[in-house]
> 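Submitted below is the structure of interest, expressed as structure tokens.
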Amino acid sequence: GTLKNISERNLSTTTDKQSYTGSAIFKHKFKKARRTISVNADWNMLNTDGNNYVTSFNESYEQNNPTTLDVKQLTDNEKSTQKVTTKIVYTEPLSKKYSLELSHEVSYNFGKNNQTTYTFTPATGKYDEVVDSLTNDFKQKILLNKPSARINYSFKKVKFNFGSGVGFTHFDLLDKTFNKSYIRDFTNFFPSAGLVYNYKSNYSFRFNYNGSTSQPSINQLQPLRNNNNQFNQYIGNPDLKPSFANNFSLTHNGYNFIKDRWMYQSLNVSLTGNSITNNRIIDPNSGKTITQ
């Protein structure tokens, strides 16, 4: 019931985006049954250029003492991100029931975000004064190498597989504005297991487990404030680690031809370490919120 702040804002944004994607797939079967090799390659790029005008009147009330701030700024933004992923998979039959799968994946994620903010100068009538605290040139390079191996088994009503991969992730982040680099390396294991039991025709139980990582985006990493809302500001965190998720699923499905009845049940559980989420700090006097 206590008035903390008042804000009136006018935002105008112009954005030009260019998106490109490409993929290639190669598959080959050898003379020996169940011996195969495949190569998948994917590439995507997103370029974003734009400008953002913000005009706002802001007033905060701290101990009944109002303070005002008028903002009239222009932000030029040049951002580009690219990701290239290549995966090669080789399968080798070990016996009638068992087969071996070997794979190696290489993923390279790189991009840049150059943002410059100018404030309006009444004397010149132009946006020509750079706001250092809202200006930053940031680059990121994230390289992932993931070799893995898996054993597959198939006999009558039962199929199962188990294996693991090892991921070596290299972070090379550069804050060009402050000439500061963030270089870190992470090692993750990617275990996986699966079981399919067809206990009768058109009825089966399935269990799957896999571990996976998610890389933080350049917006989440770049230590730069978003000034569109003076009382609700977002800032990136260059110390973020990749998150790692353990995913479990148990499903049952069946189909009765005579009654034309289909049924499906599932249970899914996901546990995430180093989860990329938000931390909020709220100033109890002004009500200003900083989210990182």
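Every value quoted in this text rests on a predicted model; they were computed, and no experiment measured them.
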> What residues, two or more places apart in sequence or in another chain, satisfy side-chain contact (heavy atoms from CB on, under 4.5 Å) together with Ser12?
Tyr53

> Which ILVMFWY residues are connected to Tyr108, directly or by a chain of links, through side-chain heavy atoms under 4.5 Å apart?
Val106, Phe110, Leu143

> Taking the side chain as everything from C-beta on, heavy atoms only, tell me whether Phe244 gets closer than 4.5 Å to Asn274.
no

> Applying side-chain hydrogen bond (donor to acceptor under 3.5 Å, both in side chains), run through Thr117 and Thr75 and close with a yes or a no.
CA-CA 4 Å; Thr117 299; Thr75 299; 3.0 Å; yes

> Cluster partners of Ile142, using ILVMFWY side-chain heavy atoms under 4.5 angstrom, listed by chain and number?
Phe138, Phe171, Leu173, Tyr182, Phe186, Ile218, Leu221, Leu240, Ile276

> Filter on side chain to side chain donor-acceptor pair (under 3.5 Å), then keep only pairs touching residues 139-156, sequence neighbours left out; what's left?
Glu101-Arg150, Ser103-Ser148, His104-Asn145, Asn109-Gln140

> To the nearest 0.5 Å, tell me how far Asn51 CG sits from Thr14 OG1.
5.0 Å

> Using side-chain contact (heavy atoms from CB on, under 4.5 Å) as the criterion, list what pairs up with Gln292, not counting sequence neighbours.
Ile235, Asn237

> Would you compute the distance between atom CD1 of Ile282 and atom NZ of Lys288 and round it to the nearest 0.5 angstrom?
13.0 Å

> For a 4.5 angstrom cut-off between non-hydrogen side-chain atoms, does Asp76 reach Leu74?
yes

> Just list the side-chain donor-acceptor pairs under 3.5 Å for residues 187-198, sequence neighbours left out, or say none.
none

> Run the side-chain contact (heavy atoms from CB on, under 4.5 Å) test on Gln230 and Ser7 for me, step by step, so that the C-alpha distance in whole Å, both residues' side-chain angles and the decisive distance to 0.1 Å come before the verdict.
CA-CA 8 Å; Gln230 289 296 317; Ser7 180; 5.6 Å; no

> Are Leu69 and Ile6 in one and the same hydrophobic cluster, where Ile, Leu, Val, Met, Phe, Trp and Tyr link if side-chain heavy atoms are under 4.5 Å apart?
no

> Kindly indicate whether the side chain of Asp185, heavy atoms from C-beta on, has any atom under 4.5 Å from the side chain of Phe168.
no

> According to the side chain to side chain donor-acceptor pair (under 3.5 Å) rule, which pairs have a member within residues 238-249, sequence neighbours left out?
Tyr209-Asn246, Asn210-Asn247, Ser212-Asn247, Asn247-Ser270

> Hey, quick one: are Leu224 and Ile281 part of the same hydrophobic cluster, counting side-chain heavy atoms closer than 4.5 Å, chains of contacts allowed?
no

> Which pairs, with at least one residue in residues 2-16 and sequence neighbours excluded, count as a salt bridge (Lys or Arg N to Asp or Glu O under 4.0 Å)?
none

> Decide whether Phe155 and Leu100 are clustered together by the hydrophobic rule: side chain heavy atoms of Ile, Leu, Val, Met, Phe, Trp, Tyr closer than 4.5 Å, transitively.
yes

> Find the distance between OG1 (Thr2) and CG (Asn285) and round it off to the nearest 0.5 Å.
11.5 Å

> State yes or no: do Val158 and Tyr199 share one hydrophobic cluster built from I, L, V, M, F, W and Y residues joined by side-chain heavy-atom distances below 4.5 Å, directly or via other members?
yes

> Compute whether any side-chain donor of one residue and acceptor of the other, for Asp128 and Thr121, lie under 3.5 angstrom apart.
yes

> Can Asn219 and Ser217 be said to form a side-chain hydrogen bond (donor to acceptor under 3.5 Å, both in side chains), step by step?
CA-CA 5 Å; Asn219 285 339; Ser217 68; 5.3 Å; no

> Anything under 30° is parallel, anything over 60° is perpendicular, the rest tilted; go ahead and classify Tyr98 against Phe160.
perpendicular

> Aromatic ring centroids of His28 and Phe30 under 6.0 Å?
yes

> Could you tell me which non-hydrogen atom of Val84 sits nearest to which non-hydrogen atom of Trp43, and how far apart they are?
CG2-CD1, 3.5 Å

> When you measure from the side chain of Gln222 to the backbone of Asn113, do you find a donor-acceptor pair of N or O atoms at a distance under 3.5 Å?
yes

> Can you check whether Arg34's main-chain N or O pairs, donor with acceptor, with Thr91's side chain at less than 3.5 Å?
yes

> So, taking the atom named NZ in Lys17 and the one named NZ in Lys79, what distance separates them when rounded to the nearest 0.5 Å?
8.0 Å

> Considering all heavy atoms of both residues, which atom of Val130 and which atom of Tyr118 are nearest to each other, and what is their separation?
CG2-CE2, 3.6 Å

> Please round to the nearest 0.5 Å and tell me the distance separating atom OG of Ser19 and atom CG of Asn44.
7.0 Å

> Let me confirm one number: the OG1-NZ distance from Thr36 to Lys27, rounded to the nearest 0.5 Å.
9.0 Å

> Run the salt bridge (charged side-chain N to carboxylate O under 4.0 Å, His left out) test against Glu78 and tell me which residues pass, sequence neighbours left out.
Lys112

> For the pair Ser60 (side chain) and Ser286 (backbone), establish whether a donor and an acceptor sit closer than 3.5 Å, ignoring hydrogens and angles.
no

> Evaluate the side-chain contact (heavy atoms from CB on, under 4.5 Å) criterion for residues Asn232 and Thr291: first the C-alpha distance (whole Å), next the side-chain angles of each, then the deciding distance (0.1 Å), finally the verdict.
CA-CA 8 Å; Asn232 291 280; Thr291 303; over 6 Å; no

> Do you know which two heavy atoms are closest between Pro223 and Pro238, and how far apart they sit?
CB-CD, 3.9 Å

> The test is side-chain contact (heavy atoms from CB on, under 4.5 Å); show your working for Ile183 and His170 and say whether it passes.
CA-CA 7 Å; Ile183 297 178; His170 176 71; 3.6 Å; yes

> Taking the side chain as everything from C-beta on, heavy atoms only, tell me whether Asp175 gets closer than 4.5 Å to Asn136.
yes

> Partners of Thr85 by side-chain contact (heavy atoms from CB on, under 4.5 Å), sequence neighbours excluded?
Lys83, Glu105, Ser107

> In the structure I gave you, are the side-chain heavy atoms of Tyr234 and Asn228 within less than 4.5 Å of one another anywhere?
no

> Could you note down all residue pairs passing salt bridge (Lys or Arg N to Asp or Glu O under 4.0 Å) where residues 250-262 supplies at least one of them, sequence neighbours left out?
none

> For Thr116, run the side-chain contact (heavy atoms from CB on, under 4.5 Å) check against Thr177, Asp137, Thr135 and tell me which one passes.
Thr135

> Could you walk me through whether Asn77 and Thr15 pass the side-chain contact (heavy atoms from CB on, under 4.5 Å) check?
CA-CA 9 Å; Asn77 187 59; Thr15 304; over 6 Å; no

> Are Tyr203 and Trp262 linked, directly or through other ILVMFWY residues, by side chains that come within less than 4.5 angstrom of each other?
no

> Side chains of Asn58 and Val71, heavy atoms from C-beta outward: is any pair under 4.5 Å?
yes

> For Lys32, enumerate each residue passing the salt bridge (charged side-chain N to carboxylate O under 4.0 Å, His left out) test, keeping only those at least two apart in sequence or located in another chain.
Glu92

> Is the closest side-chain heavy-atom distance between Met45 and Gln18 below 4.5 Å?
no

